[in-house]
Number of protein chains: 2
Amino acid sequence: REEFYEISPADFFYRNRDIAGFSNPARALYSAVRELVENSLDAGELARRPPDIYVRLSCDGEKGEEGSSVYTLRVEDNGSGVPARHIPQAFGQVFYGSKYRLRQARGTFGLGGTMAILYGQITTNSPVHVISSADGKRIHEYTLMIDIKNNRPIVLKHKVYSNHNGWRGTIIETKLEGEYSRAMPKILEYFRQTAVVAPYANLTFVDPKGRLYRFERATEAMPKPPVETKPHPYGIDVETMKRMIAVTQCRDMVSFLREHFHKIGRTIALRFLLEEAKIPPKRKPKRLSNEEIVKLVKAMKRFTGFRAPSADCLSPLGVELFRAGIVKELKPEFVSVKQRPPSVYSGYPFIVEVAIAYGGEIPRTGDIILYRFANRIPLLYDEASDVAWKVVHQLVNWKYYKVDPSKDPVAVFVHVCSTKIPYRSVGKEFIADVPEIEREILNGVRDVARDLSLYLSRKIAVERERQR
Amino acid sequence: REEFYEISPADFFYRNRDIAGFSNPARALYSAVRELVENSLDAGELARRPPDIYVRLSCDGEKGEEGSSVYTLRVEDNGSGVPARHIPQAFGQVFYGSKYRLRQARGTFGLGGTMAILYGQITTNSPVHVISSADGKRIHEYTLMIDIKNNRPIVLKHKVYSNHNGWRGTIIETKLEGEYSRAMPKILEYFRQTAVVAPYANLTFVDPKGRLYRFERATEAMPKPPVETKPHPYGIDVETMKRMIAVTQCRDMVSFLREHFHKIGRTIALRFLLEEAKIPPKRKPKRLSNEEIVKLVKAMKRFTGFRAPSADCLSPLGVELFRAGIVKELKPEFVSVKQRPPSVYSGYPFIVEVAIAYGGEIPRTGDIILYRFANRIPLLYDEASDVAWKVVHQLVNWKYYKVDPSKDPVAVFVHVCSTKIPYRSVGKEFIADVPEIEREILNGVRDVARDLSLYLSRKIAVERERQR
Ligand SMILES: Nc1ncnc2c1ncn2[C@@H]1O[C@H](COP(=O)(O)OP(=O)(O)OP(=O)(O)O)[C@@H](O)[C@H]1O
Ligand SMILES: Nc1ncnc2c1ncn2[C@@H]1O[C@H](COP(=O)(O)OP(=O)(O)OP(=O)(O)O)[C@@H](O)[C@H]1O
Ligand SMILES: [Mg+2]
Ligand SMILES: [Mg+2]
């Protein structure tokens with residue numbers, strides 16, 4: 001009498017789209033814009049071309065229920081483009097993408113762009129247009145819908161044009177129900193904060209009223225691109241180990257460790273196998289028994305001799321870039337920026353960068369203003385559930401730094417970059433309070449708070465001097 | 001050069017298991033216990049048999065890294081059992097289950113039980129044993145693992161026994177890495193709070209130290225079971241409409257509306273089609289054009305003539321049961337319990353039940369203690385991100401009710417039941433601040449706070465009288 005059945009990933013996120021950030025027309029408009037802009041920024045960094053991103057939101061004129069309407073959202077970029085054979089699945093299938101690797105990127109789940117299109121489809125029944133060139137020779141234009149029940153793209157049309165000026169990039173145009181008046185402050189704030197952490201990007205936004213917002217690039221210099229890395233032994237588990245063993249060509253344990261793991265040299269591999277794992281170095285990986293695999297994984301987590309992961313797979317903002325973005329946006333009287341040394345949680349390397357700004361155009365809001373970023377993405381929702389909020393509002397003793405949060409115009413900026421940001425949900429809005437990350441944010445905030453406190457003491461001293 | 005590929009739902013939740021509540025060994029132990037106990041409670045309510053649930057957690061003796069160990073978790077119930085042909089997928093496939101329907105249940109996503117087993121497998125490489133009888137005639141024993149890459153069960157063994165005493169129920173035994181010392185307070189609290197909202201269940205828990213915890217049922221009376229309902233027009237979107245049209249046998253719009261939707265009678269259907277949707281009643285549903293489908297969905301959301309959804313698909317605790325559970329656990333000096341009338345958000349009916357308790361064994365913690373429940377599940381994490389916390393700590397003016405949160409021993413209990421609880425993430429720990437739900441919780445808290453304030457005034461008056 002109980003009916004059992006399976007649902008596809010697209011069906012799951014269709015039924016639970018609020019979990020992915022598409023809970024109501026205003027929030028869905030914000031989420032659609034940010035998911036597509038983040039894809040375009042990733043594509044620009046991949047192509048190592050300063051991104052020119054153009055976003056147009058126009059109202060199709062039909063008033064929906066209580067203030068919502070149908071909008072057309074168009075996002076154009078000059079990034080890497082999407083290879084033609086992957087376009088249908090990249091946009092028409094949930095859990096399909098190119099970001100499933102150990103390298104810093106905004107994209108993580110293989111879900112965001114597809115969700116924007118899915119939401120558009122279920123509210124307007126219209127297909128999405130994707131125009132892209134990845135090789136500069138041909139331009140491919142697809143008209144797609146999503147077969148939600150089966151998590152598959154439906155290609156309605158596919159045209160190919162020759163590419164006369166070698167353009168590379170991607171254009172997405174989709175219709176969706178939204179409510180711009182409520183979404184507008186968040187959308188504009190998203191662009192403003194993106195300009196701070198991606199100052200090499202030109203962002204143009206035309207809103208439904210035809211107003212043009214331009215965020216001009218402050219520099220042509222692109223950040224050093226992150227390099228894909230291999231898994232670190234501290235983060236390994238039985239499943240990953242079994243997959244490595246299944247694909248390995250290595251015929252002994254030493255070369256297996258050196259080939260598949262991050263920074264394990266011959267000496268360390270031998271020491272680990274003989275002293276900790278107690279597995280003969282000559283053993284064939286494919287011949288390990290199930291018990292030996294479990295023993296090996298446990299030994300890897302215990303062994304203290306592995307080198308800390310390097311940060312080549314990360315691409316932090318850097319102190320200069322971060323400072324430049326903050327100064328440009330808020331023109332503060334004082335700024336201090338610190339980059340913490342690379343750290344690691346569960347085998348994933350991460351870097352925390354913290355800044356504090358005082359005065360200038362920072363408003364007095366009765367509390368410290370917190371700006372949060374992860375892998376160069378601004379996080380604008382669920383502040384009180386984020387680890388950075390916990391640090392800034394619960395763990396730091398501001399009095400000690402001569403700061404009165406209720407009176408002083410202070411803003412704190414926290415940027416975390418990692419090969420895996422521990423988001424608490426697929427909506428990418430807040431970060432879990434992983435102990436290692438919490439500790440680094442706390443240390444970073446204390447570093448910059450110390451600088452501010454010196455500045456404020458000097459300021460008070462100068463003021464007293466003047467008054468005599 | 002960019003590698004595109006797809007990942008299965010099991011692979012997705014393997015890589016992002018922290019999103020599902022399996023972030024570290026202590027938390028994973030809690031999540032595994034709660035997911036399996038919730039499955040057993042759902043099964044008992046389905047079978048309409050007062051649940052007897054036995055949970056044993058034993059330590060396998062191997063110390064893992066920093067305090068974690070391998071545990072064996074065994075959960076036995078006398079519920080509906082799982083039909084043999086569905087056992088492999090119910091436990092070995094993500095997004096497979098029997099809870100994808102419009103009827104109140106703890107299960108929602110088709111993910112929880114499978115996650116517990118997946119986590120056990122990747123930390124211990126051991127299979128799970130599932131023993132079940134759904135018909136009372138045969139007992140099926142499966143030994144399973146999960147093919148994570150392909151989201152498919154792997155059946156290692158399947159034995160069938162004859163069932164001599166007609167037992168019905170399910171036994172799950174799995175090995176997993178955990179850390180009981182850190183998880184213990186939460187696990188015990190989970191059982192305690194479950195006893196409050198499922199007082200018809202016997203819960204027995206044997207912990208790794210061999211200590212026995214018994215939560216005896218307070219009543220044999222089972223709640224009235226929820227009845228599956230049809231979608232309400234206010235919650236409809238284009239995708240659901242297209243699926244109904246694809247399966248319908250109806251050959252005109254009036255019977256289509258009456259057949260597929262919740263409580264639409266002939267008169268209302270005609271009025272809606274003629275006045276609001278402007279679609280001829282004789283039209284064949286399968287002949288509707290895409291534009292007409294969109295027009296129909298929009299009209300459904302606008303039309304004010306549909307009847308509010310009934311609450312047959314819900315199964316609230318009821319004032320008596322809620323009061324009994326609270327009195328049994330906290331023996332307060334005063335309790336007031338209120339059930340709000342059925343309400344609806346996005347077409348999903350819901351009922352809010354609120355209680356306030358004062359004195360007795362309620363500790364003074366410096367703030368109001370908040371107990372949260374959703375579909376009879378205790379929510380123990382992420383309190384500050386939950387809509388109930390926002391209401392109790394930010395929206396209610398306690399001074400007005402003569403309550404000083406920092407001094408008075410006050411506990412507030414909030415239970416929300418719905419055909420779709422708007423959880424913020426698949427870990428089922430906190431609820432989104434959907435405006436309709438927030439409003440009902442606020443009204444409920446004010447209702448019971450008013451009663452408490454009367455009690456406290458009388459108490460103060462009596463005290464003054466005595467002192468003269
Ligand atoms: N504008 C674009 N330019 C180039 N490639 C793109 C663009 N948009 C999407 N893609 C490709 O399509 C894939 C899927 O995009 P989608 O947003 O659905 O997932 P994702 O970005 O990988 O992960 P996330 O869910 O975290 O956003 C990406 O991995 C990327 O390879
Ligand atoms: N103890 C049990 N007795 C009877 N049926 C069970 C039991 N445990 C699991 N099932 C069945 O297996 C299915 C899958 O369980 P699972 O926990 O993975 O998902 P769910 O309970 O449907 O949803 P959720 O992810 O919200 O828990 C259930 O829908 C139920 O039909
Ligand atoms: Mg993306
Ligand atoms: Mg379940």
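Here the structure is a predicted model, which is why all the values come from computation and not from measurement. Convention: sequence-line order gives letters A, B, ...; per-chain numbering from 1.
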Checking [X] against chain A: side chain, backbone, both or neither under 4.5 Å from a heavy atom?
X	result
B/Asp18	side chain
B/Lys149	both
B/Val82	side chain
B/Met300	neither

Got a donor-acceptor contact below 3.5 angstrom from the B/Asp237 side chain to the B/Glu239 backbone?
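Answer holds: yes.
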Interface residues of residues 88-95 of chain B facing chain A - heavy atom cut-off under 4.5 Å:
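Against chain A, the residues of residues 88-95 of chain B that fall inside the cut-off (heavy atoms, under 4.5 Å) are B/Gln89, B/Ala90, B/Gln93, B/Phe95.
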Set of residues satisfying side chain to side chain contact (heavy atoms under 4.5 Å, CB included) with respect to B/Ala26, sequence neighbours excluded:
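Once residues adjacent in sequence are excluded, the partners of B/Ala26 under the side chain to side chain contact (heavy atoms under 4.5 Å, CB included) criterion are B/Asn24, B/Glu179, B/Arg182, B/Ala183.
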Who among [options] has the most heavy-atom pairs with chain B under 4.5 Å?
options	result
A/Asn151, A/Thr240, A/Leu118	A/Thr240
A/Tyr5, A/Tyr423, A/Phe109	A/Tyr5
A/Asn16, A/Asn125, A/Leu111, A/Thr108	A/Asn125
A/Ser98, A/Ser23, A/Pro422, A/Ala134	A/Ser98

On the six-membered ring of B/Tyr381, is B/Arg27 placed so that its NZ or CZ lies under 6.0 angstrom from the centre and within 45° of the ring axis?
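The answer is yes; both the distance and angle limits are met.
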cation_pi(A/Arg15, B/Tyr100) dist<6.0 Å, angle<=45
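Yes, A/Arg15 lies over the aromatic ring of B/Tyr100.
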Kindly check if the number of other-residue, nucleotide or ligand heavy atoms within 6.0 Å of CD (A/Glu3) is above 12?
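Incorrect, the count does not exceed 12.
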Taking the six-membered ring for Trp, are A/Phe4 and B/His86 parallel (under 30°), tilted (30 to 60°) or perpendicular (over 60°)?
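Parallel.
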Distance-only donor-acceptor check, side chains B/Ser425 and A/Ser425, under 3.5 Å:
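Not at all, the side chains of B/Ser425 and A/Ser425 share no donor-acceptor pair under 3.5 Å.
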Without hydrogens or angle criteria, can the side chains of A/Asn150 and A/Asp147 be said to hold a donor-acceptor pair below 3.5 Å?
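Side-chain D/A pair, A/Asn150 to A/Asp147: present.
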